[in-house]
Protein chains: 2
Amino acid sequence: MARATVQDVARTAGVSVGTVSRVLNGSPAVSESSKEKVTAAIHQLNYRPLASARDLRRDRTMRILAIAKNLNSPVISEAFRGVSDAGALSGYVSLIAPTAGDPEREQQLVDMLRNGSVDGLVMFSPTMPDEDIGQMAEQQCVVQVCEIADADAAFGVAIDDRQAAVDITRHLIATGARRLAMIGNRAARSGRLREEGFRLAAAEAGMPADQILFVDGDFDFHTGRRHAEELLAATPRPDAVFCGNDTVAAGCVRAITDAGLRVPEDIAVAGFDDSVQAEMCVPELTTIRQPAYSMGRLAFEALLERMTTAGPHRRGRMFLPHELVVRDSTNS
Amino acid sequence: MARATVQDVARTAGVSVGTVSRVLNGSPAVSESSKEKVTAAIHQLNYRPLASARDLRRDRTMRILAIAKNLNSPVISEAFRGVSDAGALSGYVSLIAPTAGDPEREQQLVDMLRNGSVDGLVMFSPTMPDEDIGQMAEQQCVVQVCEIADADAAFGVAIDDRQAAVDITRHLIATGARRLAMIGNRAARSGRLREEGFRLAAAEAGMPADQILFVDGDFDFHTGRRHAEELLAATPRPDAVFCGNDTVAAGCVRAITDAGLRVPEDIAVAGFDDSVQAEMCVPELTTIRQPAYSMGRLAFEALLERMTTAGPHRRGRMFLPHELVVRDSTNS
DNA sequence: CTGTTAGCGCGTTCAG
DNA sequence: CTGAACGCGCTAACAG
């Protein structure tokens, strides 16, 4: 049997399509008896309003799309949960899609906003240049989470990555670190900010910039492990390593341990994100906790504002407080 | 400025909407000069066809939706990558959404197929009863990956979880295990199958069923850790633990190590999935590798068949080969 | 309270 | 090769 339409429902219920539509949309202007007949017919025909027809008519979809580089990141999936829960309260369905860092795929997903496949966009780890995001944010319903582009028109919520890096680096220094190193990720904006903070805190403590080791890589375990091996070979050997995230830190700890050295006695290690990796690691990682869920909720609120109200919208960055979590991978 | 339509494009290009539409859809029956004028107008007006209107007219969306309990699972995200890549080759955009195990949210997402928001569904970890899936698979474009319902009309691709569990349990036994234990997850179908295989292999080796320890929990680190602590308190203490997945195994290893025992000398531990956790763990985990990416690709192929051809479709289960990966968490 | 009707923007006949 | 016109399924405005 083919798909039922409002027409079919109206016919079987013995009413007009207008009445069916009113029942469907919860209009109060329907008699009890009509409502019953329509409800029965809907049930009998197993009818569902066709999304595309409804969307076309209403000029909105009640769907939003989140775009991220990958879905494995605990921070992203937690933030998306916040987006999703907040969205559900306002009747929105939240979808997500990974780009794998491919600009073409990202563009295709972003186009879903432009062509009206979704009402709004939440961008987690954009590949496109800042200007493009700024231009998009000028008129479109887009918000950013975690990674915020340098664009005036855009709105984004994140933690202050630079300050968080300052905080955790200060902790390393306060607990005895003299020769600092960092395994970072310059491909990510947050990675660059963390590097900035790291260097700021080091300079503040009077450490000569040319004695600071820095290696660049991805946010993954193998990166951490391999790059830590490089650092171990340096002379003088660093006595503290700040890693761009917990997974990298876990790789770093692994390399140090495999080399027969102790964490934190020989080398202290700090991570970032307070993901489950931080607790899985031995020793457990000192790290920075991000309020990811709240970030997601707040991002949706801002997006909702853009989707439902005209005129100028909230702009700029919203920073949420982070928290230094001290565990056993650093000295006390 | 308001959104441009085909009308606007036609007007600026000095042609009819039909011609615009033909250009848009790559029809060969358009003169070169018309095509140029239309292309220029599209560019000038920054025009994009409205998805809902196009979907309504064409009666398809070229979008598919994957539904999973959560997005953090490495197997799921890898399988989704397979779906996504295969889908892209056929022009489909793949989206994914987590249910967090909430049946209501799952239903809402499944409804997106029924109301035509997407053309097809890939189900990873269904909450709904098997009959519902079977009924849905009867007429709808749905395929399953990893977790396959007991329903004739459905199609799904996975590994043979039971056999994989048999394989890895045999390995434990062959390398000296005498008192087996398992930390499983009966909430998941795959978890139940792995338990079956585990018990099968144990029985095959002549181990009395009442001497086999089993504890039930989620597929996460804390479950593994907490339940391993229980197992350590048992008398006699198990000398091998098969865990429902790698993350649980990592928790298990952690509890054993914290208790001052050695893995694998005192207690061997086996995981499942060959996720990155297996390599992060110390010692690295013996585990079962799933061809997740291929599973995703094949699932999409089957889905495509359902979406594009009428009549009866492929049914039943498709099992892909798994692989026992022996590392240091078990004896040799 | 209800029925009728006019589009939403697009793809696709069917004439020419 | 092109234009005109219809209708996809639905909601909302209007008339009763």
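It should be emphasised that the depicted structure is a prediction, and the values quoted were computed from it without experimental measurement. Quick note on labels: first sequence line is chain A, next is B, and so on, each numbered from 1.
Spacing between atom CD of A:Gln7 and atom P of D:dG7 amounts to 12 Å, rounded to whole angstrom units.
Residue-environment remark: CD (A:Glu138) exceeds the threshold of 12 foreign heavy atoms within 6.0 Å.
Within 4.0 Å of A:Thr19, counting heavy atoms only, lie sugar-phosphate atoms of the nucleic acid but no base atom. Backbone-only engagement by A:Val15 is indicated by non-hydrogen atom pairs under 4.0 Å involving sugar-phosphate atoms exclusively. Within the 4.0 angstrom heavy-atom criterion, only backbone atoms of the sugar-phosphate kind lie near B:Thr5; the bases stay farther away.
Contact check for B:Val6 versus B:Leu24: side-chain heavy atoms found under the 4.5 Å cut-off. Looking at A:Val142 and A:Ile133, their side chains never come closer than 4.5 Å, going by heavy atoms from C-beta outward. Using a 4.5 Å heavy-atom threshold, the side chains of A:Asn115 and B:Arg54 count as separate. Side-chain contact check for B:Leu109 versus A:Val93: some heavy-atom pair is nearer than 4.5 Å.
Listed by chain and residue number, A:Phe300 satisfy the ring pair (Phe, Tyr, Trp, His ring centres under 6.0 Å) test with A:Tyr92 (two or more places apart in sequence, or in another chain). Judged as a side-chain hydrogen bond (donor to acceptor under 3.5 Å, both in side chains), and not counting sequence neighbours, B:Arg317 has no contacts. In terms of the side-chain hydrogen bond (donor to acceptor under 3.5 Å, both in side chains) criterion, A:Gln135 has no residue partners (sequence neighbours excluded). With sequence neighbours left out, B:Asp218 forms a salt bridge (charged side-chain N to carboxylate O under 4.0 Å, His left out) with no residue at all.
In the helix from C:dC1-D:dG16 to C:dG16-D:dC1, the terminal helix axes, each the rotation mapping four pairs' C1' atoms onto the next four within five end pairs, subtend 40°, rounded to 10°.
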Validation: residues 63-76 of chain B side-chain donor-acceptor distances under 3.5 Å, sequence neighbours left out:
residue: B:Arg63; atom: NH1; partner: B:Ser117; partner atom: O; Å: 3.1
residue: B:Arg63; atom: NH2; partner: B:Asp55; partner atom: OD2; Å: 2.4
residue: B:Asn70; atom: OD1; partner: B:Asn72; partner atom: N; Å: 3.0
residue: B:Asn70; atom: OD1; partner: B:Ser73; partner atom: N; Å: 3.4
residue: B:Asn72; atom: OD1; partner: A:Ser77; partner atom: OG; Å: 3.4
residue: B:Asn72; atom: ND2; partner: A:Ser77; partner atom: OG; Å: 3.3
residue: B:Ser73; atom: OG; partner: B:Val75; partner atom: N; Å: 3.3
residue: B:Ser73; atom: OG; partner: B:Ile76; partner atom: N; Å: 3.1

Run the side-chain donor-acceptor check on residues 290-298 of chain B: report pairs under 3.5 Å with partners two or more places apart or on a different chain.
residue: B:Gln290; atom: NE2; partner: B:Asp273; partner atom: OD1; Å: 2.8
residue: B:Tyr293; atom: OH; partner: B:Asp85; partner atom: OD2; Å: 2.5

Protein and nucleotides 13-16 of chain D: nitrogen or oxygen contacts under 3.5 angstrom:
none

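A salt bridge (Lys or Arg N to Asp or Glu O under 4.0 Å) check over residues 14-42 of chain A, counting only residues at least two apart or in different chains, returns nothing.
Formation of a donor-acceptor pair under 3.5 Å by the A:Arg306 side chain with backbone atoms of A:Ala137 is found in this model.
Of the residues in residues 24-35 of chain A, A:Leu24, A:Asn25 come within less than 4.0 Å of DNA chain D through at least one heavy atom, sorted by number. Within a heavy-atom distance below 4.0 Å of DNA chain D, the residues of residues 49-60 of chain B found are B:Leu56, B:Arg57.
Between the side chains of A:Glu147 and A:Ser125, no donor-acceptor pair is found at a separation under 3.5 Å.
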Could you walk me through whether A:His43 and A:Thr39 pass the side chain to side chain contact (heavy atoms under 4.5 Å, CB included) check? CA-CA 6 Å; A:His43 203 76; A:Thr39 309; 5.7 Å; no
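Reading DNA chain C from its 5' end, the first and the last nucleotide to sit under 4.0 Å from a heavy atom of chain B are C:dG9 to C:dT13.
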